*Asks:* 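Starting off with a structure, shown below.
A quick note: this is a predicted structure, and the numbers were derived from the prediction, not measured.
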Amino acid sequence: MPPKKAGVKDPAMDALVAQAGKLSVSNFVRRPNYGTKGRTIEIYANSYQVTAFPTAKVIQYDVQIGDGTKRALSNKVWRSQVFKNKIGPAIWKNILFDGSKLAWSHAALPFGNELNVELDLAPESGKKRPDVIRVVIRKTTSIALQAVEEWIHGRCEASDKVQEGMTFFNHLISQSLRLDPANICLKRSFFRPNCDTMELEGGLVVKKGMFLSVRGGQKMLTINVDVATTVFWPAGSLLHLMQRYLGQQGTPVAFANWLASNFNNKRNKAELRKFRRIGFFTRHTAASKPDKDQKRFSIDGFTDQDATQTFFEKKITNPDGTTKAVKTSVSDYFLQNYRIRLQFPKLPCVKTKRGGDIPIECCFVDGDNKYNYKLDDKQTASMIKFTATRPDERRRVITSQVEQAKWATDTVLQTYGMKVNSSMMRIQARVLPAPTLDFGATGREKTVPGSSTAFGSWNLQGKKFSKTSSLRSFGCLIFASQNYCPMETARKYMRELTKTYVSHGGIVENQNPLIEYAQPPNIPETIKTFWKKVGNQANMRPQLIFFIVANKAPMPYNEIKQFCETDLGCVTQGALLQHVTRCQPQYLSNVCMKLNAKIGGSTCYLSAQNNPLHGRGANLMIGADVSHAAPGSDKPSFAAMVGSLDEQSTRYGGICNTNVDPTNTATRQEMITTENMKVFFKQMVYNFKANTNKLPQRIFYFRDGVSETEYQKVLDVEVKDMRAVCRDLNAAWQPKFTVTICSKRHHHRFFPGKPSDGDKNGNCLPGTIIERDVTDPQEYDFYLNSHKAIQGTARATHYYVIHDETGIPVDDFQAICNNMCYTYIRSTTAVSLIPPVYYAHLASLRAKCHEQTESVRSHATGHAEDVTKIMPLQETIKASMWFI
């Protein structure tokens with residue numbers, strides 16, 4: 001049912017308004033109380049209690065080094081001996097510096113309110129000419145750390161003063177790590193020289209380090225310590241790095257010749273753009289110096305010409321003292337000034353951010369350059385294998401990191417009066433009861449009791465889906481050669497698949513569906529012709545098109561999905577040839593769950609006693625996510641939203657679009673734009689109404705992809721826009737909202753206190769919920785481990801309720817979040833994230849198949865620019881689970 005235009009009265013809606021609740025407004029929610037259901041246990045958390053911290057005032061200073069914009073320069077000057085001497089080495093060691101603009105001290109610095117001085121780094125760096133940098137340090141304020149203590153004890157709310165104190169504590173706990181020049185420091189992650197590493201394809205290096213964060217717990221401060229994993233560019237010659245990254249074998253000479261001939265190749269140019277901002281050093285100006293003392297540069301690109309054809313104006317002093325500019329090539333300059341005859345003069349030069357051009361062969365890279373781009377599938381698989389450590393091993397590594405930190409003897413912590421217990425915290429948790437699932441059969445096969453789902457998985461054998469449809473108009477298109485996929489193989493697959501669907505309660509009216517081979521290269525035309533044949537055979541619009549592909553590749557998969565969903569308005573179900581050939585029962589059941597969802601069915605329902613919303617009116621579940629392109633890409637952000645279609649909240653419709661704000665030129669938009677929200681939310685409301693003939697009294701909005709600093713914006717922008725849609729549809733309809741942020745991007749990990757409270761891999765049991773000690777001091781949040789981790793250490797989902805008008809009891813809301821994870825429509829395992837958000841992720845991922853890049857003339861520049869858009873779904877599938 002398509003949305004009506006704003007302002008148009010809908011009589012059917014007017015009739016339903018009387019059932020809906022009235023609006024109430026509140027800010028972030030204080031924790032109503034603690035949950036009580038489930039079995040109480042004790043577990044370990046990778047947090048360490050701060051047993052003593054300074055409550056006296058700490059003095060904060062503003063720092064400007066140079067023009068204040070270059071972090072590398074600021075750190076260089078701050079660590080220089082001339083600056084230490086100016087401040088006093090003993091005092092300098094105990095000053096905390098954020099590497100940019102802020103510094104803190106436990107006592108007033110000797111210069112008083114302001115230090116304004118010029119420092120010459122030339123003697124220290126070995127430069128012949130003066131290297132003068134201006135340093136300005138001003139005393140600005142005092143931070144009252146008592147505010148933090150009041151906050152964690154619930155006597156005041158979070159405020160700017162509390163945030164200032166927490167920022168200070170985070171720098172205090174990591175100061176000693178930052179003072180060691182051998183460590184790589186990336187925000188709150190630290191990598192020691194001897195940390196575990198693994199090499200990826202392309203020469204990239206994965207390093208395991210230490211993550212540190214001071215968190216506010218309940219009546220205590222805690223230090224969250226975890227394993228940090230980051231990908232770096234490898235150390236060594238830039239030429240060798242380029243050779244490995246571009247996947248070339250052979251000698252340096254052979255590679256240099258290849259690169260000189262292929263430098264302007266489109267693929268190579270795209271790959272080499274990723275080298276921008278890599279820091280490097282040279283050795284030719286001071287060969288006797290150790291590498292750590294060499295001059296540092298940053299790559300700003302590469303020259304268009306090689307070193308023999310890259311010229312600059314060199315100043316030459318005449319005998320009479322006057323100067324003249326002489327045009328000189330880079331290769332000649334290095335020969336004349338450094339007596340270096342370039343080995344590879346036909347290669348381009350590196351353009352530096354300082355404006356100079358340096359031959360590639362003279363550049364060397366440290367191992368501290370973070371790789372900021374998306375890994376390919378093979379690299380990702382290798383990294384997952386490296387990072388997926390079992391719980392006992394992860395706990396051992398964390399404990400070892402804490403021992404290396406030596407907090408008890410840390411002189412900086414002692415100076416400020418901070419003490420930390422070096423034993424991992426043992427905290428209280430509960431294991432929620434697993435829900436009973438209702439299927440469509442009768443007798444014993446009707447339900448799967450909680451005792452059978454307690455470990456997060458169950459068997460589908462003999463079970464009939466809770467809701468099925470009749471499959472009548474369908475066919476199968478083969479995108480593989482007849483040599484690899486004989487017709488009989490495809491027929492057997494379709495025969496066994498439909499047989500399996502019938503065994504799960506489905507109805508298949510067409511026992512002889514059309515099966516044909518696709519005729520490339522015109523895939524859309526092939527699909528459309530086949531689609532018409534399927535419809536003619538069944539004398540009805542095709543419900544679903546099956547297709548078989550030879551391998552897991554973007555094409556033809558993306559083109560099939562795009563054409564069927566945005567042009568034909570028909571859902572599809574793909575299968576890899578290797579699975580088609582094997583035709584294993586478990587695989588066929590998995591496919592049946594997906595096809596059943598796409599044609600209007602549901603796998604299972606929560607039993608009435610395990611669904612806290614059963615009999616409590618109409619409730620609309622909404623999940624939303626905003627995802628971003630890989631770093632370095634100029635593609636816009638994606639927004640996705642799904643909304644429940646039935647009162648059991650098992651079926652969802654979804655919609656996606658690029659998330660572009662016309663008033664903001666940034667491509668990364670964190671909030672769903674008003675334009676998108678009006679279209680998305682209106683569609684979700686109409687989908688729900690069309691399927692239930694009810695308006696929701698309560699709307700549960702689950703939002704992912706939001707950092708802590710953006711929580712308020714979700715209320716100020718997104719929820720505000722949803723309310724505006726409600727008013728546009730009918731001013732009298734004012735549903736109650738509960739808004740929850742869901743996140744797995746955190747570093748809290750939990751370990752069973754004893755083996756009986758964990759699974760066979762050593763993870764906490766599904767249903768383990770944590771709401772004490774390490775959660776927010778006052779606000780309404782909890783961690784829920786709802787799934788069985790297949791590999792590595794389980795990561796609980798953090799649920800943070802930022803707005804609650806429904807007033808649903810804590811136990812009931814926690815049961816909703818846990819039990820709904822068992823109704824994920826395409827799986828026989830509980831998932832780690834509440835399904836609405838999980839489905840929003842899937843919809844966003846799948847909508848990338850709907851991308852279309854158009855060349856549009858820019859009003860600002862007058863030039864043609866590529867603009868990425870999402871082709872809209874056809875109306876016929878907007879209320880279907882096309883993304884499953």
Side-chain angles (χ1 to χ4, degrees), residues 58-89 91-106 109 115 117 119 121 124-125 131 133-141 143 163-193 195 207 209-214 223 228 230 232-233 277-281 292-293 295-298 353-354 366-372 405 410-413 415-416 418 707 709:
V58 171
I59 303 171
Q60 181 173 297
Y61 294 83
D62 278 353
V63 179
Q64 181 172 320
I65 298 176
D67 63 4
T69 62
K70 299 174 182 177
R71 181 178 283 267
L73 176 65
S74 297
N75 278 297
K76 178 183 176 181
V77 172
W78 189 270
R79 292 171 180 269
S80 67
Q81 193 59 50
V82 65
F83 178 73
K84 293 177 185 177
N85 293 339
K86 188 69 180 177
I87 297 294
I91 296 173
W92 174 88
K93 186 178 180 181
N94 292 316
I95 303 174
L96 311 186
F97 179 51
D98 72 349
S100 180
K101 297 179 179 181
L102 291 178
W104 300 268
S105 175
H106 68 289
L109 296 180
L115 174 69
V117 65
L119 301 177
L121 303 185
E124 191 172 327
S125 59
D131 183 15
I133 306 295
R134 179 168 293 279
V135 177
V136 180
I137 304 176
R138 293 189 181 92
K139 181 180 178 181
T140 55
T141 187
I143 299 176
Q163 187 57 50
E164 288 174 356
M166 294 300 289
T167 301
F168 163 76
F169 280 124
N170 273 296
H171 281 86
L172 175 59
I173 196 65
S174 61
Q175 174 74 349
S176 294
L177 288 167
R178 295 179 190 276
L179 288 177
D180 187 344
N183 293 336
I184 300 173
C185 306
L186 298 177
K187 296 182 179 179
R188 297 180 184 179
S189 297
F190 305 89
F191 302 85
R192 298 179 187 274
C195 65
K207 297 185 178 183
M210 179 184 192
F211 172 85
L212 271 178
S213 177
V214 179
I223 314 295
T230 303
F232 293 87
W233 293 98
R277 299 187 182 88
I278 290 180
F280 69 95
F281 63 91
K292 67 182 181 65
D293 294 330
K295 191 174 182 179
R296 259 55 185 175
F297 303 87
S298 181
K353 285 189 174 293
R354 298 183 183 185
D366 284 318
D368 60 354
N369 288 281
K370 183 182 177 184
Y371 182 77
N372 289 316
D410 188 316
T411 56
V412 177
L413 296 185
T415 299
Y416 282 86
M418 186 173 187
S707 64
T709 57

*Asks:* How many angstroms lie between CD in Q163 and CD1 in I143, if you round to the nearest 0.5 Å?
*Replies:*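 Going from the CD atom of Q163 to the CD1 atom of I143 covers 10.5 Å.
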*Asks:* Side-chain donor-acceptor contacts of residues 65-73 below 3.5 Å, not counting sequence neighbours, with atom names and distances?
*Replies:*
unit_1: D67; atom_1: OD1; unit_2: T69; atom_2: N; d: 3.0
unit_1: D67; atom_1: OD1; unit_2: T69; atom_2: OG1; d: 2.7
unit_1: D67; atom_1: OD2; unit_2: T69; atom_2: OG1; d: 3.1
unit_1: R71; atom_1: NH1; unit_2: D98; atom_2: O; d: 3.1

*Asks:* Give, for atom CZ of R277 and atom NZ of K370, the distance between the pair rounded to the nearest 0.5 Å.
*Replies:*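 Taking CZ in R277 and NZ in K370, the distance rounds to 13.0 Å.
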*Asks:* Search all heavy atoms of R79 against all heavy atoms of L179 and return the closest pair with its distance.
*Replies:* NH1-O, 3.6 Å
*Asks:* Before giving the answer on side chain to side chain contact (heavy atoms under 4.5 Å, CB included), spell out for M418 and I223 the whole-Å C-alpha distance, their side-chain angles and the decisive distance to 0.1 Å.
*Replies:* CA-CA 12 Å; M418 186 173 187; I223 314 295; 4.1 Å; yes
*Asks:* For a 4.5 angstrom cut-off between non-hydrogen side-chain atoms, does K76 reach I133?
*Replies:*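 The answer is no; the side chains never approach within 4.5 Å.
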*Asks:* Tell me whether the count of non-hydrogen atoms from other residues, nucleotides or ligands lying under 6.0 Å of CZ in R138 goes above 12.
*Replies:* no
*Asks:* Begin with the C-alpha distance, continue with both residues' side-chain angles, and end with the deciding distance and a verdict on side chain to side chain contact (heavy atoms under 4.5 Å, CB included) for L109 and L115.
*Replies:* CA-CA 10 Å; L109 296 180; L115 174 69; over 6 Å; no
*Asks:* Would you please name every residue forming a salt bridge (charged side-chain N to carboxylate O under 4.0 Å, His left out) with R134, sequence neighbours left out?
*Replies:* E118
*Asks:* In this structure, are over 12 heavy atoms from other groups packed under 6.0 Å from K84 atom NZ?
*Replies:* yes
*Asks:* Can you list everything that forms a side-chain contact (heavy atoms from CB on, under 4.5 Å) with R188? Sequence neighbours excluded, please.
*Replies:*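 Scan of R188 (side-chain contact (heavy atoms from CB on, under 4.5 Å), adjacent residues dropped) gives N170, F211, S213.
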*Asks:* Can a donor-acceptor pair be found, under 3.5 Å and without considering hydrogens, that links the side chain of Y416 to the backbone of V58?
*Replies:*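 No; judged by distance alone, with no hydrogens or angles, the pair does not exist.
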*Asks:* Show the numbers, then the answer: is there a side chain to side chain contact (heavy atoms under 4.5 Å, CB included) between F97 and R178?
*Replies:* CA-CA 9 Å; F97 179 51; R178 295 179 190 276; over 6 Å; no
*Asks:* Using the six-membered ring of F232, assess whether NZ or CZ of K207 lies under 6.0 Å from its centre and within 45 degrees of the ring axis.
*Replies:* yes
*Asks:* Show the nearest heavy-atom pair for residues K93 and T411, with the distance to one decimal.
*Replies:*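 Nearest pair, atom of K93 first, then T411: NZ-OG1, 3.8 Å.
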*Asks:* Would you give the length of the straight line joining atom CZ of R192 to atom CD1 of I184, rounded to the nearest 0.5 angstrom?
*Replies:*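 The CD1 atom of I184 is 12.5 Å from CZ of R192, to the nearest 0.5 Å.
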*Asks:* Under 6.0 Å from the NZ atom of K353, do we count more than 12 heavy atoms belonging to anything else shown?
*Replies:*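 More than 12 within 6.0 Å, yes.
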*Asks:* Measure from the side-chain N and O atoms of N183 to the backbone N and O of L177, and report whether any donor-acceptor pair falls under 3.5 Å.
*Replies:* yes
*Asks:* Is there side-chain contact between W104 and L172, with at least one heavy-atom pair below 4.5 Å?
*Replies:*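 No, every pair of side-chain atoms sits at 4.5 Å or beyond.
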*Asks:* Are the side chain of E124 and the backbone of Q81 linked by a donor-acceptor contact shorter than 3.5 Å?
*Replies:*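 Side chain of E124 to backbone of Q81: a pair is present.
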*Asks:* What's the spacing between N75 CG and S100 OG if we round to 0.5 Å?
*Replies:* 8.5 Å
*Asks:* On a heavy-atom basis, which atom in W78 and which in I137 lie closest, and how many Å separate them?
*Replies:*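 Residues W78 and I137, closest heavy atoms: CZ3-CD1, 4.2 Å.
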*Asks:* I need the D368 CG to F191 CZ distance, nearest 0.5 Å.
*Replies:*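 D368 atom CG to F191 atom CZ measures 11.5 Å (nearest 0.5 Å).
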*Asks:* Can you tell me how far apart OG1 (T140) and OH (Y61) are? Round to the nearest 0.5 Å.
*Replies:*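 The OH atom of Y61 is 9.0 Å from OG1 of T140, to the nearest 0.5 Å.
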*Asks:* Any side-chain to backbone donor/acceptor pair from Q175 onto V412? Under 3.5 Å, distance only.
*Replies:*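 The answer is no, because no donor-acceptor pair under 3.5 Å joins these two groups.
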*Asks:* Please name the pair of heavy atoms, one in N369 and one in G279, separated by the smallest distance, quoted to 0.1 Å.
*Replies:* OD1-N, 2.6 Å
